Amino acid sequence: MNENKPAWPHVSLAVLTGLNLLDYMDRQILAAVLPPLRTELQLNDEQSGRIATAFMLGYFLTSPIFGYLGDRLPRRWLIAAGVFVWSLGTLLSGHAHGLTMLIFFRVLVGFGEASFGTISPGWIADLFSPDRRNNALSWFYLAIPVGSALGFILGSWIAVHYGWRSAFLFAGYPGLLFAFLLFLLREPVRGASETAGQPAATEAEPPGWHAYLELFTYPRYVLVILGYVAQTFAMGAFSVWATTFLVRVHHMELAAAGGFFGQALVIMGLVATIGGGYLASFWQRRTGTGYVWVLALSAVGAVPAVFAAFTLPDTAQVKVALAASMFLLFLSTGPVNTLVLETVPVRMRASAVAASIFAIHLLGDLWSPWIVGKLSDRWGDIQKACLWALPGALVVSAVFWCWLAVTERRKAAEAR
């Protein structure tokens with residue numbers, strides 16, 4: 001199917017990437033407007049962290065359901081419904097007048113994003129052959145830093161000039177419109193790009209709920225996810241509290257802090273996501289272990305960079321360390337998501353992505369923003385709270401991904 005319309009995979013990738021950008025912009029609006037929001041609603045740091053946790057509850061609790069449905073039902077309808085629901089939740093967040101209402105609306109946002117985040121990678125995998133898939137997924141996940149940066153930059157600017165509620169309204173309306181673009185796309189056959197466009201890989205019956213237990217029988221998948229969990233723990237807290245850290249500890253204005261974080265995120269994230277994706281693909285073609293080594297080296301390098309970001313006294317030095325941290329963390333974006341898809345059978349891709357989402361959020365950023373907020377309230381020191389929680393999580397990530405890289409290198413050597 002893809003050979004008959006050679007431009008179709010790239011058009012589909014562009015639409016899905018644009019929606020992913022909106023996804024992450026909506027997600028990060030909360031962090032950008034958190035200081036004025038918590039002031040108006042009279043929230044402490046623990047309660048503020050609980051709002052971020054609410055989003056993750058809606059996101060990861062429903063991802064296994066969408067993983068099950070995504071291996072069976074037409075994906076276009078599931079994704080379109082998800083985009084509509086998360087955009088509606090973002091709009092309603094701008095009308096919240098208390099903690100309970102805001103938590104409910106952020107759960108709704110998470111519910112909608114679970115459908116899109118779970119099913120879209122498998123759609124892209126079916127559009128591109130294995131040798132082009134990692135680069136395609138790197139472009140798709142480029143929306144993480146770009147969308148997040150737009151969330152920080154536009155969210156903080158709008159909050160300063162028009163109020164924090166307007167930021168949610170601005171972010172919510174585009175998704176309602178763009179959801180309809182999905183109905184202009186043709187959904188690829190599952191497994192269409194595995195064997196010269198033939199869907200032979202899909203002849204097996206889609207897995208049932210037992211597929212989530214079957215995933216434990218794939219050791220490479222398990223090591224990928226364990227490292228991903230630890231990295232997500234660190235990145236979740238990092239994204240929520242970095243702007244607040246710059247405002248409180250380094251006395252930056254909210255717009256300046258949000259602007260710096262957003263600009264650094266988009267530049268470092270763009271260069272690292274695309275650069276890491278192409279580097280990993282080149283390395284993979286040469287050695288067969290490029291994906292896993294990019295994961296391992298990025299995690300190892302991020303540990304001292306994040307430690308420096310939360311300990312250096314000079315604001316300029318902190319900015320450099322934060323930018324370096326973002327670059328190293330985003331290097332692994334393409335390869336880690338490619339490995340999630342390629343370490344399991346084709347028939348289980350949506351289930352594998354769903355289990356990944358469930359695990360990295362249940363054990364990762366579901367708790368980390370709340371934990372950092374709790375420690376900050378207890379110690380009265382956001383800097384100390386970040387320092388205790390974040391570098392240690394990245395050490396754990398580095399251990400699992402280095403373990404995977406060494407294992408893959410040993411297997412590659414034995415196969416020669």
Side-chain angles (χ1 to χ4, degrees), residues 24 121 133-146 148-149 220-239 242 261 264-310 320-343 356 359-360 363-365 368 389-409 412:
Y24 279 88
R133 184 174 299 143
N134 180 66
N135 292 344
L137 286 168
S138 295
W139 281 101
F140 175 71
Y141 286 109
L142 180 64
I144 296 178
V146 176
S148 298
R220 295 171 65 221
Y221 176 83
V222 172
L223 286 175
V224 170
I225 298 305
L226 289 174
Y228 205 4
V229 165
Q231 186 200 59
T232 303
F233 181 97
M235 290 186 72
F238 188 83
S239 63
F261 196 75
L265 188 61
V266 71
I267 295 171
M268 294 296 104
L270 190 154
V271 173
T273 301
I274 295 301
Y278 280 89
L279 170 64
S281 293
F282 174 78
W283 200 346
Q284 185 75 10
R285 287 193 295 268
R286 293 285 299 271
T287 67
T289 59
Y291 297 157
V292 294
W293 277 112
V294 169
L295 262 62
L297 295 177
S298 66
V300 169
V303 174
V306 171
F307 183 84
F310 291 107
V320 172
L322 284 172
S325 301
M326 294 179 209
F327 177 84
L328 290 162
L329 290 169
F330 278 105
L331 270 179
S332 63
T333 303
V336 70
N337 287 286
T338 300
L339 286 169
V340 167
L341 293 168
E342 295 193 349
T343 52
S356 169
I360 66 176
L363 304 175
D365 54 4
S368 59
L390 305 190
L394 292 174
V395 169
V396 175
S397 178
V399 168
F400 284 117
W401 282 349
C402 286
W403 181 0
L404 174 64
V406 171
T407 301
E408 291 296 294
R409 182 179 181 181

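No experiment lies behind these values; they were computed from the predicted model shown. We count residues from 1, following the sequence as given.
Leu341 is listed as a side-chain neighbour of Pro121, based on a closest heavy-atom distance under 4.5 Å. Side chains of Phe310 and Val306 form a contact here, defined as non-hydrogen atoms less than 4.5 Å apart. Residues Asn337 and Tyr228 have side chains in contact (heavy-atom distance under 4.5 Å, counting atoms from C-beta outward).
Counting all heavy atoms, side chain and backbone alike, Asn134 lies closest to Gly277 at ND2-O, 2.8 Å. Nearest heavy atom pair, residue Ala299 against residue Ala398, reads CB-CA, 3.7 Å. Of all heavy-atom pairs spanning Ile144 and Ser148, the tightest one is O-OG, 2.6 Å. Of all the heavy atoms in Ala143 and Tyr24, the pair that sits closest is O-CB, 3.9 Å. The nearest pair of heavy atoms linking Ala234 to Ala393 is CB-CB, 4.1 Å. Heavy atoms only, all atoms of each residue included: Gly334 and Ser138 are closest at CA-OG, 3.5 Å.
Distance check, rounded to the nearest 0.5 Å: OH of Tyr291 to CH2 of Trp283 gives 13.0 Å. Between Leu328 atom CG and Leu297 atom CG the span is 10.0 Å, to the nearest 0.5 Å. Going from atom OG of Ser298 over to atom CZ of Phe327 covers 10.0 Å, rounded to the nearest 0.5 Å. Atoms CG and CZ, from Leu329 and Phe238 in turn, are 6.5 Å apart once rounded to the nearest 0.5 Å. Taken to the nearest 0.5 Å, the CG atom of Leu339 stands 11.5 Å off from the OH atom of Tyr221. Taking CZ of Phe400 as the start and CD1 of Ile225 as the end, the distance is 12.0 Å to the nearest 0.5 Å.
Side chain of Thr273 to backbone of Leu142: no donor-acceptor contact under 3.5 angstrom is found. Under a 3.5 Å cut-off, the side chain of Ser332 and the backbone N or O of Leu295 do not form any donor-acceptor pair.
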Quick one: do Leu226 and Val222 satisfy side chain to side chain contact (heavy atoms under 4.5 Å, CB included)? Show the steps, please. CA-CA 6 Å; Leu226 289 174; Val222 172; 3.9 Å; yes
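Shown here is Trp403, whose CH2 atom has no more than 12 heavy atoms of other residues, nucleotides or ligands within 6.0 Å.
Take Thr289 and apply the side chain to side chain contact (heavy atoms under 4.5 Å, CB included) test, not counting sequence neighbours, and it matches Thr287, Val292, Trp293, Glu408, Ala412. Applying the side chain to side chain contact (heavy atoms under 4.5 Å, CB included) criterion to Val303, with sequence neighbours excluded, gives Leu394, Val395.
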